[in-house]
Amino acid sequence: MVKTNTSLRVGIVGLGRLGRRHAANIAQHIPGATLCRACSADEQDRHYACDILGVPDFDTDFDAVLNDRTLDAVVLATPTALHADQVIAVLQAGKHVFVEKPLALDMAACQRVLAVGRQHPEQVAMVGFVRRFDLSYQNAQRQLASGVLGRPFLVRSQTCDRNDPSGFFVDYAGQSGGIFMDCSVHDIDLARWLLGGPKATRAFATGTIAVHTGLQPYHDVDNGLAIVEFQDGSRAVFYASRTFAHGHETQTEVIATEGKLLVGHGAASDRVVVSDAYGVRYQSTADFYERFADAFLREMQHFVDACRGEHPVALTLDDASEATRIGLAITQSLSSGQPVDL
Ligand SMILES: NC(=O)c1ccc[n+]([C@@H]2O[C@H](COP(=O)([O-])OP(=O)(O)OC[C@H]3O[C@@H](n4cnc5c(N)ncnc54)[C@H](O)[C@@H]3O)[C@@H](O)[C@H]2O)c1
């Protein structure tokens with residue numbers, strides 16, 4: 001791709017929980033990009049986009065973004081069920097695309113995106129696996145890839161959210177694809193990345209509803225465990241929870257033949273540990289955004305720089321499709337109670 005000195009003209013679709021973070025990052029913190037148009041199905045988001053962020057154009061209609069010939073790239077932070085069709089539409093409109101994870105909730109949709117991606121090799125298409133842009137995970141990946149710890153063969157990775165008593169996770173269950181597709185998909189992508197991209201062959205999952213009984217009709221759980229086997233003999237264990245009392249805990253341990261490493265220990269929000277008459281304690285991280293605020297910025301900077309021809313994109317649509325394939329097998333095993341061959 002040819003390098004360009006002009007600012008990338010970006011449109012964003014979706015201004016919810018995550019879209020607002022991406023919009024604010026692009027509008028205020030990403031050199032080389034200008035947020036020119038915002039779109040949300042909710043007209044009330046106009047105030048946020050135009051008055052707070054100063055975005056010149058706002059629409060409730062996705063087609064307005066597609067038809068804006070001045071846009072170079074589109075960021076999609078819409079509900080997961082819309083991702084595949086919207087990615088395809090953006091690529092066919094001749095623009096680069098960033099889409100939040102997961103790429104899709106079924107393999108047929110992933111295949112459709114991959115086929116259109118292959119027809120547009122000059123356009124960047126990137127899926128938001130934000131942890132690949134976290135400095136600690138990058139350090140871990142570099143060390144493992146260098147071989148200093150021998151051959152990595154076991155990953156234990158967890159994504160555990162603080163309990164939300166408002167029932168948010170129950171309301172969200174209808175569109176999230178379930179706890180494994182929503183949360184563990186990050187750990188699945190990490191495991192493949194940290195283990196050097198082995199092929200998954202079998203998955204098993206179990207789980208329980210510890211708090212949110214409203215999840216039952218969705219066949220979802222609020223605490224889930226999964227084991228994935230890979231062709232090269234390596235293994236991964238994933239744990240996802242929606243019910244931690246103290247805060248958000250993302251933690252990943254990788255065991256190798258000559259050592260092991262751990263990314264994120266507990267939920268400490270900083271390095272301050274207070275010891276007094278009541279014991280020893282630290283402040284905990286509130287949520288995923290607080291934990292990965294810096295990585296979200298670095299992720300968007302990577303996308304923008306890739307679109308401007310600075311470097312190839314680090315994450316392929318094939319990676320994202322593989323994460324969905326494994327996530328689906330795990331989800332299927334949760335509902336059947338049986339191991340699933342991949
Ligand atoms: N990377 C991460 O760690 C992370 C964390 C949370 C969510 N996500 C992902 O982000 C995506 C969005 O999640 P969220 O929690 O921000 O959702 P949300 O419900 O808070 O926001 C969705 C937004 O999309 C808009 N929208 C819906 N349909 C639309 C349409 N047809 N056209 C235009 N706008 C439309 C809504 O108006 C809303 O602004 C999901 O795919 C989710 O998996 C990723």
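Fair warning: this is a prediction, and the values are worked out from it, not measured in the lab.
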Exercise for the section: Say whether, by atom type as modelled, one donor and one acceptor occur between the side chain of T208 and the main chain of A210 under 3.5 angstrom. Expected result: no
Handout entry: Ring centre gap for H212 and F169 strictly below 6.0 Å
Key = no
Practice task
Count the heavy atoms of every other residue, nucleotide or ligand shown that sit under 6.0 Å from CD of Q44, and state whether that count exceeds 12.
Solution key: no
Handout entry: Polar contact flag, side-chain donor to acceptor under 3.5 angstrom, S40-D42
Key = no
Practice task
Determine the sole option in D319, D187, D232 for which the salt bridge (charged side-chain N to carboxylate O under 4.0 Å, His left out) test with R192 is passed.
Solution key: D319
Problem - Sub-4.5 Å side-chain heavy-atom contact between F244 and Q158 - result: yes
Handout entry: Steps toward side chain to side chain contact (heavy atoms under 4.5 Å, CB included) verdict (D134, T250)
Key = CA-CA 12 Å; D134 175 73; T250 288; over 6 Å; no
Exercise for the section: Report yes or no: do V116 and F62 belong to one cluster of Ile/Leu/Val/Met/Phe/Trp/Tyr joined by side chain heavy-atom distances under 4.5 Å? Expected result: yes
Exercise for the section: Examine distances only and state if a side-chain atom of T60 and a backbone atom of E43 form a donor-acceptor pair shorter than 3.5 Å. Expected result: no
Exercise for the section: Check the hydrophobic clustering (I, L, V, M, F, W, Y; side-chain heavy atoms under 4.5 Å; chains of links allowed) and say if L18 and F58 are grouped together. Expected result: no
Exercise for the section: Report yes if the side chains of R118 and L114 come closer than 4.5 Å at any heavy-atom pair, otherwise no. Expected result: yes
Exercise for the section: Say whether, by atom type as modelled, one donor and one acceptor occur between the side chain of Q251 and the main chain of G266 under 3.5 angstrom. Expected result: yes
Exercise for the section: Show your working on side chain to side chain donor-acceptor pair (under 3.5 Å) between S136 and N139 and close with a plain yes or no. Expected result: CA-CA 5 Å; S136 301; N139 176 347; over 6 Å; no
Practice task
May I ask you to test the Y137-W193 pair for a side-chain heavy-atom distance under 4.5 Å?
Solution key: yes
Exercise for the section: Nearest 0.5 Å please: distance from the CE atom of M107 over to the CG atom of L103. Expected result: 8.5 Å
Practice task
Decide whether F133 and L317 are clustered together by the hydrophobic rule: side chain heavy atoms of Ile, Leu, Val, Met, Phe, Trp, Tyr closer than 4.5 Å, transitively.
Solution key: yes
Problem - Pair D45 + R20, salt bridge at N-O below 4.0 Å - result: yes
Practice task
Following the transitive rule for hydrophobic clusters with a side-chain heavy-atom cut-off under 4.5 Å over Ile, Leu, Val, Met, Phe, Trp and Tyr, establish whether V130 and L315 coincide in one cluster.
Solution key: no
Problem - CG-CD distance between L82 and Q175, expressed to the nearest 0.5 angstrom - result: 8.5 Å
Handout entry: Gap separating the CZ atom of F168 from the CG atom of N163, nearest 0.5 angstrom
Key = 12.5 Å
Problem - R235 side-chain N/O to F230 backbone N/O, donor-acceptor pair under 3.5 Å - result: yes
Exercise for the section: For residues L91 and A125, report the shortest heavy-atom separation together with the two atoms involved. Expected result: CD2-CB, 4.4 Å
Exercise for the section: Evaluate whether atom NE2 of H311 has more than 12 neighbouring non-hydrogen atoms of other residues, nucleotides or ligands under 6.0 angstrom away. Expected result: yes
Practice task
Just do the side chain to side chain contact (heavy atoms under 4.5 Å, CB included) check on R112 and D85 with the steps written out, would you?
Solution key: CA-CA 9 Å; R112 284 193 290 118; D85 286 341; 2.9 Å; yes
Exercise for the section: Could you tell me whether the side chain of D161 reaches within less than 4.5 Å of the side chain of D287, counting heavy atoms only? Expected result: no
Handout entry: Check: T252 side chain, V263 main-chain N or O, donor-acceptor pair, under 3.5 Å
Key = no
Exercise for the section: Kindly indicate whether the side chain of Y239, heavy atoms from C-beta on, has any atom under 4.5 Å from the side chain of N223. Expected result: yes
Problem - ILVMFWY cluster, L190 and M126 together (side-chain gap under 4.5 Å) - result: no
Practice task
Hey, could you give me the CD1/CZ distance between I255 and F153, rounded to the nearest 0.5 Å?
Solution key: 6.0 Å
Practice task
Flag the pair D72 and R308 as a salt bridge only when some basic side-chain nitrogen lies within less than 4.0 angstrom of an acidic carboxylate oxygen.
Solution key: no
Problem - Close side-chain approach of D63 and L66, heavy atoms under 4.5 Å - result: yes
Handout entry: Minimum heavy-atom distance between Q123 and K95, given as atom pair plus value
Key = NE2-O, 2.8 Å
Problem - Side chains of D182 and S176, donor plus acceptor under 3.5 Å - result: no
Exercise for the section: Give a yes or no answer on whether the side chain of R9 reaches the backbone of T70 with a donor-acceptor pair at less than 3.5 Å. Expected result: yes
Practice task
Could you tell me whether R156 atom CZ has more than 12 heavy atoms of other residues or ligands within 6.0 Å of it?
Solution key: no
Completion exercise
Rounding to 0.5 Å, atoms NE2 (H248) and SG (C160) come to a distance of 8.0 Å
Completion exercise
Nearest heavy-atom contact between G207 and V221 is C-CG1, 3.8 Å
Practice task
Sort out for me which residue in H22, H83, H302 forms a ring-ring contact (aromatic ring centres under 6.0 Å, His included) with F98.
Solution key: H22
Handout entry: Modelled atom types, side-chain donor and acceptor of R131 and S157, under 3.5 Å
Key = no
Exercise for the section: Classify the side-chain pair S321/D318 by whether it contains a donor and acceptor separated by less than 3.5 Å. Expected result: no
Practice task
Return yes if a side-chain donor-acceptor contact under 3.5 Å exists between T243 and D222, otherwise no.
Solution key: no
Exercise for the section: State, to 0.1 Å, how close A203 and I330 come at their nearest heavy-atom pair, and which atoms those are. Expected result: CB-CG1, 3.9 Å
Problem - T285 to S269 - nearest heavy-atom pair and separation - result: OG1-CA, 3.5 Å
Problem - Contact check, side chains of Q92 and H120, non-hydrogen atoms, under 4.5 Å - result: yes
Practice task
Assign the ring pair F288 / F296 to parallel, tilted or perpendicular, where the plane angle (0 to 90°) is split at 30° and 60°.
Solution key: perpendicular
Exercise for the section: To the nearest 0.5 angstrom, please state how far the CG atom of L135 sits from the CZ atom of R298. Expected result: 4.0 Å
Exercise for the section: Compute both the distance and the angle, then confirm whether R17 meets the cation-pi test with Y172: under 6.0 Å from the six-membered ring centre, within 45 degrees of the axis. Expected result: yes
Completion exercise
Closest heavy-atom pair, L71 versus G11, reported as atoms and distance to 0.1 Å, is CD2-N, 3.8 Å
Problem - Student check: side-chain heavy atoms of D57 and C36 closer than 4.5 Å - result: no
Exercise for the section: Show the numbers, then the answer: is there a side chain to side chain contact (heavy atoms under 4.5 Å, CB included) between E310 and Q301? Expected result: CA-CA 11 Å; E310 300 275 335; Q301 189 71 63; over 6 Å; no
Practice task
Before giving the answer on side chain to side chain contact (heavy atoms under 4.5 Å, CB included), spell out for M181 and T324 the whole-Å C-alpha distance, their side-chain angles and the decisive distance to 0.1 Å.
Solution key: CA-CA 7 Å; M181 288 301 285; T324 287; 3.9 Å; yes
